[in-house]
Amino acid sequence: MIRQGDRRGNGGGSRQTQRLKGFLDHILLALIAERPRYGFELREILGEVLPEPTVADGSIYPLLSRLREQGLVSSRTARSSETGRERRYYEILPEGREKLAEWEGQWERFRGAMDSLTVDRTR
């Protein structure tokens, strides 16, 4: 699913991989909430914005299928206006927007807690 970086040293690659797995659904849902997107497009965006380890080719589709099975996104097939190829586009559903808002609330609380701990230490 996720390509792991070098595991030498303190094993940070393994911990980072586990953290990333926990955020991928949230990240995908946030990207799809912006506008309908297709799998390869999502994989390219993730490759640009995420640190190593990155999402392996083909592993994004099981994640998208799981989001669809959970009723958070829907999918439709359409022809690309750019290439004329058929692509499966994913769109967020109302339940997905609710879940995204819930995750964002959790993230803000976590970020606030981390900020309060780290800001005091940097002074």
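Throughout, residue positions are numbered sequentially from 1 according to the sequence presented.
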**Student:** Are the side chains of Ile60 and Leu28 in contact, using a 4.5 Å heavy-atom criterion?
**Tutor:**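 Side chain of Leu28 against side chain of Ile60, heavy atoms only: contact under 4.5 Å found.
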**Student:** How are the rings of Trp103 and His26 set to each other: parallel, tilted or perpendicular (split at 30° and 60°)?
**Tutor:**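 Rings of Trp103 and His26: tilted, as their planes differ by 30° to 60°.
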**Student:** Answer whether the closest heavy-atom distance between the side chains of Leu46 and Arg43 falls below 4.5 Å.
**Tutor:**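 They are not in side-chain contact.
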**Student:** Any chance you could measure Ile32, atom CD1, to Ser74, atom OG, to the nearest 0.5 Å?
**Tutor:**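 Reported to 0.5 Å precision, the distance equals 9.5 Å.
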**Student:** Quick one: does any side-chain atom of Arg97 pair with a main-chain N or O of Leu93 as donor and acceptor, under 3.5 Å?
**Tutor:**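 Absent.
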**Student:** Is the shortest heavy-atom distance from the side chain of Leu63 to the side chain of Leu42 under 4.5 Å?
**Tutor:**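 Side-chain contact under 4.5 Å: no.
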**Student:** Given the ring of Tyr38, does Arg87 sit roughly above its face, with NZ or CZ under 6.0 Å from the centre of the six-membered ring and within 45° of the axis?
**Tutor:**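 Ring-cation test returns yes.
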**Student:** Looking at every non-hydrogen atom in both residues, tell me the closest pair between Ser75 and Arg68 and how far apart they are.
**Tutor:**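 That closest heavy-atom pairing would be OG-CD, 3.4 Å.
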**Student:** Just wondering, do Leu29 and Val73 contact through their side chains at under 4.5 Å, heavy atoms?
**Tutor:**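 A side-chain contact under 4.5 Å exists here.
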**Student:** Nearest 0.5 Å, what's the CD1-CG distance between Ile92 and Leu100?
**Tutor:**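 Between Ile92 CD1 and Leu100 CG, I get 5.0 Å after rounding to 0.5 Å.
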**Student:** CG of Leu64 to CD of Glu69: how many Å apart, nearest 0.5 Å?
**Tutor:**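 Rounded to the nearest 0.5 Å, the CG-CD separation comes out at 11.0 Å.
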**Student:** Closest approach of Glu95 and Leu72, non-hydrogen atoms and distance?
**Tutor:**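 Where Glu95 meets Leu72 most closely, the heavy atoms are O-CD2, 3.6 Å.
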**Student:** Counting N and O atoms only, with roles assigned by atom type, does the side chain of Tyr90 sit under 3.5 Å from a partner on the main chain of Ser65, one being a donor and the other an acceptor?
**Tutor:**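 Not at all, since once roles are kept as given, no pair shorter than 3.5 Å links the two residues.
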**Student:** Does the side chain of Ile27 come within less than 4.5 Å of Val49's, by heavy atoms?
**Tutor:**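 No, their side chains stay 4.5 Å or more apart.
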**Student:** Is there a side-chain contact between Pro36 and Arg76 (heavy atoms, below 4.5 Å)?
**Tutor:**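 Side chain of Pro36 against side chain of Arg76, heavy atoms only: contact under 4.5 Å found.
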**Student:** Run the salt bridge (charged side-chain N to carboxylate O under 4.0 Å, His left out) test on Lys99 and Glu102 for me, step by step, so that the C-alpha distance in whole Å, both residues' side-chain angles and the decisive distance to 0.1 Å come before the verdict.
**Tutor:** CA-CA 5 Å; Lys99 188 67 166 175; Glu102 177 186 325; 3.5 Å; yes
